[in-house]
Amino acid sequence: MTTSSVKEAEAGKAVPFVPGQPDMWFFALFETLVFTAYFVVYMFARMQHHEAFLQSQAKLSLSIGTFNTLVLLVSSWSMARCVKEARVGAYRSALTNAFLTASFGVVFLGSKIYEWVREIRLGYGFASDEFFSYYFFLTGIHALHLLIGFVVLGVVVHQLRSPERRSQNLVETGAVYWHTVDFLWVLVFSLLYVVR
Amino acid sequence: MSAAATETETLLESPGGSPLRRIAWHWRHNPKRELWGAWFTIIAFYNVFTVVFFIMTHTQPPPKPWLDAHGVVRWFDGYHNALLIGFGVMFVLTGMTVAQNALIAYSMRRMSVHPGFGYAYLVLYSLAGVPGSLLLCIVLTVGAMRPDRDPALMSWLYDFAFLSYVGTMGVFLVGSLVWMTAILLDKNNVFPKWFGYLNLCNALTEVVVSPAWIFHRGVFAWNGLIAWWIDMVVFGVYTGAFISLLRNMIQREDFGTGPLPELVPNKPNKPDKPGKAKRGPDSPSTMGAAR
């Protein structure tokens with residue numbers, strides 16, 4: 001906290017508060033803009049070949065996509081609980097929630113790989129169809145963000161484990177990253193699976 | 001400014017006079033002359049790079065990946081002189097990238113992290129210069145110098161040049177991750193943490209470009225909206241940010257080992273000394289702090 005904000009807090013004024021490092025919020029905003037650019041390109045291609053995209057989209061399993069979304073939303077809930085527990089000093093419970101988050105992440109990734117294999121076996125590969133090119137690209141780049149999320153969760157666990165470290169700021173920074181990955185998935189899911 | 005900010009007050013002040021005289025003075029007296037030399041070399045290199053790749057040879061944005069063999073021959077023929085002159089310039093000046101690698105490695109040596117980060121970056125980005133610039137220049141020059149070869153061979157050279165240039169991003173990816181890790185672990189505040197995360201954004205674009213190996217046309221091809229244009233916007237933001245932050249680092253450099261001091265804000269001109277403002281630790285005319 002800066003000197004001025006400490007003075008403001010002492011004076012009883014509301015201090016602007018951003019959970020975690022503001023720098024991670026910059027990352028979240030920047031990556032959201034990059035994904036928005038991908039979505040605009042996808043939507044433009046979809047407008048050009050609407051019927052072909054609809055036919056290919058029908059091959060996707062909405063139930064798997066919904067399951068993916070629910071799992072990731074639950075992982076965000078456990079991540080939020082991790083932050084909440086760490087704030088009140090309940091580090092054991094915070095650790096449990098961090099591991100729960102990672103477990104939901106693994107379930108998401110497992111179901112995504114299952115879905116990719118299913119689509120490829122049905123004959124829809126990365127280069128076989130324009131819609132599936134976008135599908136594999138968007139879900140693939142999102143999965144890469146999720147893999148980085150496991151590293152971020154590793155940092156959170158590392159912080160929570162030792163009383164010497166335990167930086168609440170870093171725990172919340174990790175949570176911002178995880179929620180960003182979740183948020184981006186909701187957009188990917190809506191565009192690829194739901195929008196007709 | 002934070003309470004921890006240290007004022008590295010101006011110890012040296014260049015004499016007035018012509019720009020040449022001031023440059024000569026800095027050359028002799030400025031303790032940061034090597035750092036500024038490297039930084040201005042980066043600026044000069046990116047200007048030359050832009051002129052050669054974007055304006056002269058039209059290799060950026062990359063030309064059509066779907067050209068047939070005769071189309072490729074016509075392309076080489078159309079840019080024959082530009083390729084020879086432009087890449088001739090690049091062969092002479094590509095070595096300027098060493099200054100950039102050195103300054104970035106220096107930034108990591110100034111951090112509180114292990115020196116291995118700086119050396120790893122130096123090795124990775126020295127290797128990256130081969131597929132990242134030299135191969136394209138060499139291969140397209142071969143094509144321009146041997147226009148009588150079989151069109152199929154010319155087509156192979158064309159694919160080789162652009163795929164090696166656009167598609168071989170592994171070293172760049174790992175290099176960006178090394179820089180990112182160093183910044184996030186650093187306790188000397190050499191760079192802001194947001195720039196560490198921007199390194200991750202840049203590293204991710206190196207993955208996004210990889211479908212260019214598979215697609216001959218469309219958004220994932222080597223000149224596509226996703227594989228090239230969006231990536232190039234991210235790279236442009238990243239490059240602009242690191243050039244600006246390196247300048248900021250040199251201005252703040254105190255040649256110590258602890259946290260890098262914050263910049264002293266510029267002071268207004270004094271009425272009795274027109275045109276001779278007292279500046280921060282080292283704006284181009286007043287750079288200081290003893291070694």
Side-chain angles (χ1 to χ4, degrees), chain A residues 1-7 20-46 48-49 125-134 136-138 140-145 147-149 151-152 155 169-170 173-174 176-177 180-181 184, chain B residues 1-5 65 169 173 176-177 180-181 183-187 189-221 223-238 240-241 245 262:
Chain A
M1 200 179 273
T2 61
T3 314
S4 60
S5 56
V6 170
K7 281 177 185 169
Q21 296 171 348
D23 312 73
M24 181 55 89
W25 286 92
F26 165 81
F27 172 85
L29 177 67
F30 195 87
E31 278 301 280
T32 304
L33 285 174
V34 173
F35 267 77
T36 304
Y38 297 152
F39 296 152
V40 168
V41 174
Y42 166 76
M43 292 303 285
F44 184 75
R46 188 188 163 83
Q48 302 290 308
H49 314 284
F126 185 37
S128 62
D129 176 281
E130 194 177 0
F131 171 80
F132 277 96
S133 297
Y134 284 103
F136 279 105
F137 169 72
L138 288 172
I141 197 74
H142 177 267
L144 186 59
H145 282 73
L147 287 175
I148 297 165
V151 179
V152 172
V155 173
N169 192 34
L170 280 181
T173 302
V176 171
Y177 181 88
T180 304
V181 173
L184 291 176
Chain B
M1 179 166 301
S2 74
M169 295 301 180
L173 187 150
S176 290
L177 293 181
M180 175 198 79
T181 311
I183 293 167
L184 295 182
L185 293 176
D186 174 41
K187 292 185 169 57
N189 299 323
V190 175
F191 291 118
K193 301 298 180 209
W194 64 260
F195 181 64
Y197 298 125
L198 191 60
N199 267 278
L200 181 58
C201 299
N202 185 57
L204 287 166
T205 63
E206 312 292 3
V207 179
V208 171
V209 81
S210 54
W213 288 91
I214 300 169
F215 293 89
H216 290 265
R217 56 178 71 229
V219 297
F220 299 111
N223 66 343
L225 263 176
I226 288 180
W228 195 84
W229 288 93
I230 294 175
D231 280 359
M232 185 47 92
V233 170
V234 175
F235 180 72
V237 171
Y238 174 72
L245 289 170
E262 296 295 332

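- The distance from the CG atom of Leu138(A) to the CD1 atom of Ile226(B) is 6.5 Å, given to the nearest 0.5 Å.
- Residue Ile148(A) comes nearest to Leu200(B) through the heavy atom pair CD1-CD1, 3.9 Å, listed as atom of the first residue, atom of the second, then distance.
- Contacts of Tyr38(A) with chain B are made by both backbone and side-chain atoms, with heavy-atom separations under 4.5 Å.
- Looking at Phe126(A), the atoms closer than 4.5 Å to chain B (heavy atoms on both sides) sit in the backbone and in the side chain alike.
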Under the side chain to side chain contact (heavy atoms under 4.5 Å, CB included) criterion, do Val237(B) and Phe30(A) qualify, and how do the steps go?
CA-CA 10 Å; Val237(B) 171; Phe30(A) 195 87; 3.9 Å; yes
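- Two residues are said to be in side-chain contact when any heavy atoms from C-beta on lie closer than 4.5 Å; Phe215(B) and Ser133(A) meet this criterion.
- Centroid-to-centroid, the aromatic rings of Phe26(A) and Phe195(B) stay 6.0 Å apart or farther.
- Looking at Val233(B), there are no atoms closer than 4.5 Å to chain A (heavy atoms on both sides), in backbone or side chain.
- In this structure, the ring of Tyr134(A) has its center less than 6.0 angstrom from the ring center of Phe220(B).
- The two residues Asp23(A) and Pro192(B) have their closest heavy-atom pair at OD2-C, 4.3 Å.
- Looking only at side-chain heavy atoms (C-beta outward), Phe44(A) and Leu225(B) stay at 4.5 Å or farther from each other.
- Contact check for Val34(A) versus Val208(B): no side-chain heavy atoms found under the 4.5 Å cut-off.
- The closest side-chain heavy-atom distance from Phe27(A) to Leu198(B) is not below 4.5 Å.
- For Glu31(A) and Tyr197(B), the side-chain atoms include no donor-acceptor pair closer than 3.5 Å.
- More than 12 heavy atoms of other residues, nucleotides or ligands sit less than 6.0 Å from atom NE2 of His49(A).
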